[in-house]
**Q** 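A single structure is presented below for examination.
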Amino acid sequence: MKYWLIKSEPDAWSWSSQVKEGSSMWDGVRNYQARNNLKKMKKNDLCFFYHSVTERSIIGIVKVVKEYYPDPTDKTGRFVVVDVKAIKKLQNPVSLDQIKKNNKLKDIALVKQSRLSVMPLAKKEWNEIINMSLNSSNSND
DNA sequence: GCCAACGTTGGC
DNA sequence: GCCAACGTTGGC
């Protein structure tokens with residue numbers, strides 16, 4: 001079981017779209033590093049769903065329900081998608097600000113590589129973010 | 001194969 | 001809305 005974080009601009013594809021659709025393709029990735037991460041995803045891996053730009057918060061959790069296959073929206077045939085399904089919304093969204101302030105999370109790609117849209121998370125980083133989502137008063141650590 | 005130019009992303 | 005950072009493209 002691996003853990004990931006995937007980003008979307010809520011204007012393009014939001015958490016509520018994901019919930020409404022249930023299981024759906026995670027398409028539109030046009031970056032090789034992100035694609036390579038998609039290819040490493042296994043069925044039942046979990047991903048944080050992050051809203052970029054307007055909200056800059058992790059809002060929910062999705063599960064990989066189908067491993068990678070070619071992205072039908074990509075005419076070059078170079079990129080892939082996975083299918084993901086909304087599992088649950090976080091009790092409290094975890095904002096980019098909170099993540100940046102958390103010393104245990106200072107090395108995650110979300111902070112260091114702000115443009116990467118699909119990134120792996122270590123289990124302890126995953127757990128740390130889960131903890132933060134359970135505790136809205138968690139501003140410092 | 002290098003690198004300048006360009007386009008895109010995403011934080012601010 | 002701006003712009004820095006970064007990835008990609010294409011000319012050489």
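Chain naming here is simple, since letters A, B, ... match the order of the sequence lines and numbering starts at 1 in each. Being a predicted model, the structure only gives us computed values, none of them experimental. The figures that follow rest on heavy atoms only: side chains count, while hydrogens, waters and symmetry mates do not.
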**Q** Are Asp45(A) and Lys40(A) ion-paired here, with the side-chain N under 4.0 Å from a carboxylate O?
**A**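 Result for this pair is no, no salt bridge flagged.
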
**Q** Please report the distance, rounded to the nearest Å, between OH in Tyr32(A) and P in dT9(C).
**A**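 Rounding to the nearest Å, OH of Tyr32(A) and P of dT9(C) are 6 Å apart.
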
**Q** Between Gln18(A) (side chain) and Gly22(A) (backbone), is there a donor-acceptor pair under 3.5 Å?
**A**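 Answer holds: yes.
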
**Q** Please state how far atom CD1 in Ile6(A) lies from atom C1' in dG10(B), giving the value in whole angstrom units.
**A**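 After rounding, the gap between these two atoms is 17 Å.
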
**Q** Rounded to whole angstroms, how far apart are CD on Glu9(A) and C1' on dT8(B)?
**A**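 These atoms are roughly 10 Å apart.
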
**Q** Output the rounded distance in Å from NZ (Lys101(A)) to C1' (dG11(B)).
**A**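 Computing the Lys101(A):NZ to dG11(B):C1' distance gives 15 Å.
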
**Q** Record whether the side chain of Arg115(A) comes under 3.5 Å of the base of dT8(B) through a donor-acceptor pair of N or O atoms.
**A**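 Yes, a donor-acceptor pair under 3.5 Å.
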
**Q** Would you compute the distance between atom CG of Asn92(A) and atom CD1 of Ile59(A) and round it to the nearest 0.5 angstrom?
**A**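 Reported to 0.5 Å precision, the distance equals 10.5 Å.
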
**Q** If you find the nucleotide of DNA chain C closest to Val53(A) and the one closest to Arg30(A), which residue's nucleotide is nearer the 5' end?
**A**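 Mapping each residue to its closest nucleotide by heavy atoms, the 5'-most match is Val53(A).
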
**Q** Can you check the Lys112(A) NZ to dG7(C) P distance for me, whole Å?
**A**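 These atoms are roughly 14 Å apart.
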
**Q** Among the nucleotides dC12(B), dT8(C), dG10(B), which one has an atom lying closest to any side-chain atom of Asn31(A)?
**A**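 It is dT8(C).
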
**Q** What is the distance from CD of Gln113(A) to C1' of dA4(C), rounded to the nearest Å?
**A**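 Atom CD in Gln113(A) sits about 15 Å away from atom C1' in dA4(C).
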
**Q** Nearest-Å distance, CE (Met119(A)) to C1' (dC6(C))?
**A**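 For the pair Met119(A) CE and dC6(C) C1', the rounded distance is 14 Å.
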
**Q** Which atom names give the shortest non-hydrogen contact between Asn31(A) and Ala34(A), and what distance separates them?
**A**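 Smallest heavy-atom distance, with atoms named: OD1-N, 2.8 Å.
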
**Q** Calculate the interatomic distance between Leu110(A) atom CG and dG11(B) atom C1'; express it in whole Å.
**A**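 Spelled out: CG on Leu110(A) to C1' on dG11(B) is 11 Å.
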
